[in-house]
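Here is the structure we will look at.
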Amino acid sequence: MRILFYYICIFNVGKSVANSGSADVCADGQSSETGMAPGCSDNYPHVVLTPKVVTDLADGIQIRKFTTLEPVFKCVFDEMIDSLKLVFDIHWYINNDLVVVNMNIAQGKLFDTHMRPHHWTTTYSMNMQVKCSVRARLGPNETPSPFFESEEITAGVISDLHLNSFVEVTEGKAATIKLRSTVPVGCFSKNRQSQCNHTMHIRQISYNYNSNRCINNLQTGDLAIETEFCGITIPSIGWDNTLDLKVTGYVNNLYDEQKTRTATIHFTSLVRNNVDISGTWNRVDIPDLKVRITDADHKLSGRACLAFTLSNFVTIYGDEYSFQGAGEYVLYRHKTLPYSVHILQTAIKSSSTGICGIAVRSVNSIFVLRTCNTISQYFSNQNVLTVPVVQYKQCNDNDMTIQETGSGYKIHLPSGTEITFQYERYWIKSILVKPSVLDDGLVNGLCGNIANKESISTSWRVSNALQQLFIEKPQHQTAFRPPQQYCTCKKEAGPTDDPSILKFEFVQCDLSQPIDVYSCQHPNQVNEYIIDECTLSRNRRSVVNRNIPTLDDIKEVIPLTYDSSFDPNYIPQEPSWPEMWSKYQAQVFCENYTSSMEIVRLCRQYSSFNVDTFTEGCMKDIKHGGNTNYVEWIVGVIKDYCFVELSRNATSMSRTTENGKTLYYELLYTFCPTGCRHWRNCVNGKCIECDSNDFIGHDCLALKSEPPKDIVLAGNGSCNTRQRPCLKTDIYGEFKSTLLYCKLSRFKITVNGIVQNETSNIWPGEYNSAHSISCQFPRQPRNRPTTELAVGYIISIAYDREHFGDNVSIVIYDGTCVTCEVSTLTCNVLKPYEECMPTSSTWKPFNQRTTHRSSGSSANISVISVVTFSVSLCLLSIFVPVILHLKRKRKSNRKNSNLETIANNGNLNNENMTYSSRRPTVVRKTVTFDCNLNNENMIYHIYPDEEIYAEAECPPPYSSRRPSLVSQTVTLDFY
């Protein structure tokens with residue numbers, strides 16, 4: 001019997017086999033243990049071996065009833081030689097360090113030579129270089145053959161990129177990087193392999209100065225990754241399948257001077273993989289992937305869609321024309337993405353039209369502003385609205401961002417497209433749509449490629465109700481939401497903080513396009529007041545401090561109609577030049593008017609500005625309007641156009657002037673309105689905090705002492721408590737400040753006439769939008785005289801708490817008991833008082849319930865009544881002491897309100913007041929107090945007495961109703 005001996009030697013990691021002895025190399029045909037003399041011999045296996053490193057999964061340790069799977073490295077070669085029974089030495093190397101030595105291994109025991117995780121995981125990281133070497137012996141400890149080495153493999157995750165090469169992408173365009181794992185992912189159980197995987201998280205590192213900044217209210221960046229989360233997942237089953245990492249050049253809406261920028265993609269592994277307990281994937285050092293991004297925004301320099309004054313249009317390709325058709329038209333529509341802009345035009349003069357509506361659609365969310373109620377080819381004052389209609393049907397928070405600018409709105413679409421428009425009371429003065437890289441070559445409508453101007457009326461008129469946006473319920477789009485999702489992955493997730501990772505993935509991902517228009521939202525966002533709920537399921541991010549509409553928020557929308565004589569194909573004839581005007585005179589006037597503007601000079605110097613566009617529009621306005629009244633509107637569109645061009649110029653963003661400030665800052669200051677520059681309250685070209693002076697408005701030119709005029713009450717001033725709470729009312733008008741005051745003078749309508757209070761209350765108003773505010777009412781007493789039919793308030797508004805404007809009246813009544821006429825302040829009784837007694841401070845009466853009994857069931861009812869009464873007494877005996885205890889505890893823990901503190905201290909300036917533990921006779925006193933004390937409580941009633949009115953409450957310090965100093969006079973009952 002022949003006995004074979006084998007053994008495995010594991011050397012210290014990083015130590016290679018040393019050569020001791022003579023430096024003479026064995027002659028050809030001879031070999032030795034070290035390949036050197038002495039000991040050289042020709043008695044060894046003369047075979048040629050071709051080893052290869054192969055990775056696979058093998059059974060690992062046993063944990064309870066589960067057998068784990070762990071990745072192993074196999075040194076595979078053709079070892080089956082029929083005439084010889086050999087033994088082998090197999091050595092393993094990592095990064096050229098000798099890690100494992102296996103000697104005298106028989107052919108049937110080669111599985112014991114696999115390199116397993118415990119051999120290397122404590123010292124090496126994945127993406128290491130692994131190889132093996134093999135030699136043969138005729139028997140244990142016999143002379144070995146020379147070593148045969150395998151090729152090195154990269155053990156980890158590899159890409160199809162060459163070393164130090166770049167992935168080349170253009171803004172808005174994608175490139176695919178192919179990744180492949182060369183090492184399996186282990187599993188905690190060989191029977192549950194489908195549940196095991198490993199995730200590598202992705203981090204984007206930028207070397208661009210403008211990255212990770214908010215510029216023009218947009219988050220800048222370099223790359224967007226088309227994935228559901230910031231990472232790649234390697235499954236245990238199918239671990240060697242190719243993974244596609246699709247990267248897209250981030251659209252930053254900046255004209256980059258250097259034209260290219262670079263970024264790297266960095267991979268991070270979790271510290272410990274809980275499903276692959278072998279530790280193989282705990283540390284992975286994947287080389288960063290280098291990406292070079294080429295700018296594409298510069299191709300859009302100077303290009304914008306313009307619609308301004310008396311229906312003048314400029315396409316994004318620079319074509320200018322005038323179109324005087326009336327109706328709804330497509331101004332700007334993306335051919336492949338679900339974004340579009342519609343406009344309404346109606347007659348403004350006998351020979352011209354103006355824009356009276358704009359609707360912006362993103363998927364199924366629609367923002368609408370409309371200043372007209374009737375479309376006609378004949379102008380009438382009855383066709384325009386006193387207060388514009390502003391609506392936002394929001395189906396998804398990510399569909400668009402809206403910013404109120406004071407004189408208009410600025411809207412960003414997910415594609416990076418920017419819509420800016422200005423309006424005044426009756427007309428939209430200008431619309432500017434600045435395209436993004438994702439729009440280039442994919443836009444149609446009035447701002448698209450107009451090949452035939454004669455066919456505009458039929459080509460882009462919206463007559464199909466399924467496409468109209470100004471109707472009450474526009475048709476839903478069903479198949480337009482972009483299927484892909486992008487992540488910017490600028491922040492690396494924590495290794496073990498799973499909640500942080502989830503939050504990170506949601507915030508950085510969830511982008512429908514390779515641009516982030518949400519992270520830099522301006523604080524002056526559109527108010528929740530104008531938002532209508534979408535009938536579709538909504539995906540809304542949590543937003544703090546939203547003003548949620550209540551039942552008293554009435555959104556009165558006058559529907560759009562078309563005049564009975566309206567002809568959609570009617571186009572007014574081109575008018576002749578008005579008296580005292582000629583084409584030459586208009587040209588001279590308009591050239592002088594536009595060239596004298598400082599903004600025009602700056603635009604010419606630092607952007608691709610074509611002043612001829614606005615000169616032509618100015619001339620057409622004089623011809624169609626008959627005068628220069630509309631020329632001033634051109635100033636606004638020139639400002640918007642220049643601002644968007646200069647703010648996207650990367651050179652102007654960084655160039656420093658003699659003042660030490662950036663050129664961009666100097667340009668923004670130039671854009672500030674005159675009044676704003678005077679008060680030095682200008683930021684990013686817009687006025688701020690001019691309320692701190694005597695002027696208000698978006699241009700800080702309106703006097704705070706001039707109150708709002710021509711205000712209108714919601715519901716025509718009629719409030720039926722059977723339909724809504726009547727705790728406040730919405731007021732429509734034109735409001736130039738977010739800080740307003742409501743003066744309320746209460747009156748009663750009785751059977752004997754009107755009774756009015758001698759004093760008035762002044763409360764801070766609640767700003768909803770530029771055309772809507774709300775005034776809250778004091779709470780009503782629970783009991784009222786039988787002669788009282790209704791109550792009401794005479795309301796006026798002021799900006800400064802002193803100068804109040806026009807008075808309007810509201811009447812609050814129970815529509816079941818009385819009918820009231822606001823114009824005459826009279827009421828007619830419908831039911832006796834006893835049937836309509838109110839039971840709450842909201843004046844909403846309860847409905848009396850009548851039970852009809854049948855004669856055959858009276859006995860059963862009596863028994864049930866007795867049982868019910870007994871059970872009720874038992875429950876009351878248990879819960880009443882508990883409730884009283886909790887109330888006493890709660891009362892002892894809370895702080896006193898201002899009036900309670902004054903009352904407890906006896907500071908009521910009342911010498912006749914008495915205090916007793918018993919309830920003496922009621923003493924009614926008038927107290928004057930200030931609400932500027934340090935009251936940290938919620939709103940408290942001074943005493944739980946039904947005669948105490950809401951005037952006795954102090955708004956909390958954080959309430960929007962609380963002014964800096966409120967002096968109030970109230971009447972209280974003290975016992």
Side-chain angles (χ1 to χ4, degrees), residues 306-312 331 343-349 352-360 367-375 379-391 402-411 419-432 470 524 526 530 558 560 593 614 617-618 620-622 624-641 643 671 673-676 686-687 690 695-703 706-712 732-738 768-773 805:
L306 299 174
F308 58 98
T309 57
L310 302 184
S311 301
N312 295 306
L331 177 68
I343 61 171
L344 278 178
Q345 294 200 151
T346 190
I348 193 171
K349 294 280 185 178
S352 63
T353 58
I355 304 173
C356 66
I358 179 173
V360 180
F367 176 85
V368 174
L369 186 140
R370 176 165 53 89
T371 62
C372 56
N373 58 8
T374 303
I375 302 299
F379 175 75
S380 170
N381 289 328
Q382 302 300 321
N383 296 341
V384 294
L385 296 168
T386 304
V387 177
V389 171
V390 184
Q391 294 174 295
I402 306 171
Q403 175 189 347
E404 188 177 350
T405 62
S407 58
Y409 287 87
K410 180 178 290 186
I411 300 172
I419 302 109
T420 303
F421 67 92
Q422 310 289 339
Y423 70 98
E424 63 173 19
R425 193 164 193 174
Y426 301 126
W427 301 101
I428 295 177
K429 300 188 293 185
S430 64
I431 300 173
L432 182 147
F470 293 95
N524 190 19
V526 62
I530 71 169
I558 301 176
L560 179 68
Y593 184 84
F614 302 100
C618 172
K620 292 175 183 177
D621 289 340
I622 293 175
H624 285 269
N627 49 47
T628 60
N629 291 345
Y630 302 100
V631 173
E632 293 182 0
W633 291 6
I634 293 180
V635 177
V637 70
I638 290 178
K639 277 190 173 184
D640 289 339
Y641 178 83
F643 183 84
F671 278 93
T674 304
C676 193
K686 305 295 181 183
C687 284
C690 53
F695 295 88
I696 56 175
H698 70 277
D699 54 4
C700 288
L701 291 178
L703 289 173
E706 294 182 358
K709 299 179 180 179
D710 301 325
I711 59 176
V712 179
Y732 306 131
E734 184 177 358
F735 304 105
K736 300 178 180 180
S737 173
T738 59
N768 298 324
S769 70
H771 298 283
S772 172
I773 65 169

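Given the structure is predicted, the values throughout are model-derived calculations rather than measurements.
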E632 CD: over 12 foreign heavy atoms closer than 6.0 Å: no
Crowding at CG, L703 (>12 non-hydrogen neighbours, <6.0 Å): yes
Side-chain donor-acceptor contact under 3.5 Å, Q422 with S430: no
Contacts of K429 that satisfy salt bridge (Lys or Arg N to Asp or Glu O under 4.0 Å) - sequence neighbours left out: none
Using the test side chain to side chain contact (heavy atoms under 4.5 Å, CB included), find all partners of [X] that sit at least two apart in sequence or belong to another chain.
| X | answer |
| --- | --- |
| T371 | C356, L369, P388 |
| K620 | N312, S322, H624 |
| T386 | R425 |

Residue of the set L310, T346, T309 for which side-chain contact (heavy atoms from CB on, under 4.5 Å) holds with W427: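 By the side-chain contact (heavy atoms from CB on, under 4.5 Å) criterion, W427 pairs with just one of L310, T346, T309: T346.
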With [X], which residues qualify under side chain to side chain donor-acceptor pair (under 3.5 Å), at least two apart?
| X | answer |
| --- | --- |
| D710 | none |
| Y423 | H771 |
| S311 | Q345, T353 |

Short side-chain to backbone donor-acceptor contact, T405 and G408, under 3.5 Å: yes
R370 side chain vs I558 backbone, donor-acceptor pair below 3.5 Å: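 Yes, R370 side chain to I558 backbone: donor-acceptor pair under 3.5 Å.
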Qualifying residues under ring pair (Phe, Tyr, Trp, His ring centres under 6.0 Å), relative to F735, sequence neighbours excluded: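 If we apply the ring pair (Phe, Tyr, Trp, His ring centres under 6.0 Å) test to F735, skipping adjacent residues, there are no hits.
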